[in-house]
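For reference, the structure discussed in these notes is given below.
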Amino acid sequence: MGRGKIEIKRIENANNRVVTFSKRRNGLLKKAKEITVLCDAKVALIIFASNGKMADYCCPSMDLGAMLDQYQKLSGKKLWDAKHENLNNEIDRIKKENDSLQLELRHLKGEDIQSLNLKNLMAVEQAIEHGLDKVRDYQIEFLVTKRRNEKMIEEENRQLHFQLQQQEMAIASNARGMMMREHHDGQFGYRVQPIQPNLQEKIMSLVID
């Protein structure tokens with residue numbers, strides 16, 4: 001008994017719609033891979049589900065970007081606006097500039113110089129000498145700054161040492177002065193004794209009388 005034909009319209013039941021999408025998506029991907037292998041065709045397939053999830057396939061012999069460019073040329077339809085084209089050109093320019101800088105860096109390291117002619121070799125030599133001059137200048141500047149900082153630190157240490165000596169001398173002088181005063185007061189009887197409470201009361205009564 002054969003299967004009946006299904007009417008091609010939106011499936012209202014959400015669960016049935018998800019199941020059908022999953023089965024038919026897998027079938028499309030399988031067919032795309034088969035036609036690529038069997039017929040040596042260049043195939044690209046992009047599927048977006050209703051929830052935004054994407055499934056895609058692109059044949060191994062060509063990437064998706066190249067395939068889209070070929071589609072644009074053959075169909076005459078513009079897939080990229082001027083803004084995207086300018087951005088793509090800028091990316092290509094930056095890549096080329098980066099490649100050129102990487103090659104120049106290898107030359108400065110002494111790598112891949114076999115293909116250089118005499119003029120280019122002289123330019124590399126001049127660039128290396130200029131770099132060495134800058135390194136030497138910075139080295140001299142670094143040493144001068146280091147020595148200046150060392151002198152400043154030494155001078156600061158001398159000042160701190162001198163201040164410490166002055167403080168120690170002042171403390172010692174004060175201590176000697178206190179000892180001499182105590183000795184002098186004890187020798188000549190200048191030590192003042194506190195007035196006893198009974199004696200203080202007697203003095204007050206005499207003053208009142």
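One is the number of the first residue; the rest follow in order along the sequence. Every value quoted in this text rests on a predicted model; they were computed, and no experiment measured them.
Inter-residue side-chain proximity for T20 and R24 is flagged as met; some heavy-atom pair is nearer than 4.5 Å. For the pair H161/N157, no side-chain contact is recorded, criterion being any heavy-atom separation below 4.5 Å from C-beta on. Residues L38 and I35 fail the side-chain proximity criterion, which asks for heavy atoms closer than 4.5 Å. Between Q72 and K77 the shortest side-chain heavy-atom distance does not fall below 4.5 Å. Between I47 and D56 there is no side-chain heavy-atom pair separated by less than 4.5 Å. Counting heavy atoms from C-beta on, the side chains of D133 and R136 come closer than 4.5 Å.
Atoms CD and CD, on E97 and E90 in that order, are 9.0 Å from each other to the nearest 0.5 Å. Distance check, rounded to the nearest 0.5 Å: CD of Q159 to CD of E154 gives 12.5 Å. Summarising the geometry, atom CD belonging to Q166 is positioned 10.0 Å from atom CD belonging to E168; distances are rounded to the nearest 0.5 Å. Here the NZ-NZ distance, from K30 to K33, works out to 10.5 Å after rounding to the nearest 0.5 Å. From K96, atom NZ reaches atom OG of S100 across 11.5 Å, with rounding to the nearest 0.5 Å. Between the CG atom in L121 and the CD atom in Q114 there is a gap of 9.5 Å [rounded to 0.5 Å].
Cluster annotation: M54 and V43 are assigned to distinct hydrophobic clusters (Ile/Leu/Val/Met/Phe/Trp/Tyr, side-chain heavy-atom contacts under 4.5 Å, transitive). Under the 4.5 Å side-chain contact rule for hydrophobic residues, I113 and L132 share a cluster. Using a 4.5 Å cut-off between side-chain heavy atoms of Ile, Leu, Val, Met, Phe, Trp and Tyr, with links allowed through other members, V37 and M62 fall into different hydrophobic clusters. L116 and L103 end up in different hydrophobic clusters when Ile, Leu, Val, Met, Phe, Trp and Tyr side chains are linked at under 4.5 Å. Note on L64 and F48: same hydrophobic cluster, where clusters join Ile, Leu, Val, Met, Phe, Trp and Tyr whose side-chain heavy atoms are under 4.5 Å apart, directly or indirectly.
Environment of CD in E104: sparse, with no more than 12 heavy atoms of neighbouring residues, nucleotides or ligands closer than 6.0 Å. Taking a 6.0 Å sphere around CD of Q126, one finds it holds 12 or fewer heavy atoms contributed by other residues, nucleotides or ligands.
If you check the side chains of D92 and N89, you find no donor sitting under 3.5 Å from an acceptor.
No donor-acceptor pair closer than 3.5 Å links the side chain of S22 to the backbone N or O of V18. Under a 3.5 Å cut-off, the side chain of N149 and the backbone N or O of T145 do form a donor-acceptor pair.
Of all the heavy atoms in A41 and C59, the pair that sits closest is O-CB, 4.2 Å. Residues T36 and P60 come closest through the heavy atom pair CG2-CD, 4.3 Å. R17 and I11 get closest at one heavy-atom pair: NH1-O, 2.5 Å. Summarising the geometry of C58 relative to D63, their closest heavy-atom pair is SG-C, 3.7 Å, with the distance given to 0.1 Å.
Residues E155 and K151 are not paired through a salt bridge, judged by the lack of any N-O separation under 4.0 Å between the basic side chain and the carboxylate. The pair R10-E12 counts as a salt bridge, with a side-chain nitrogen and a carboxylate oxygen less than 4.0 angstrom apart.
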Next on the checklist: E150 vs R147, test: salt bridge (Lys or Arg N to Asp or Glu O under 4.0 Å). Steps then yes/no.
Outcome noted: CA-CA 5 Å; E150 288 176 351; R147 290 171 183 171; over 6 Å; no

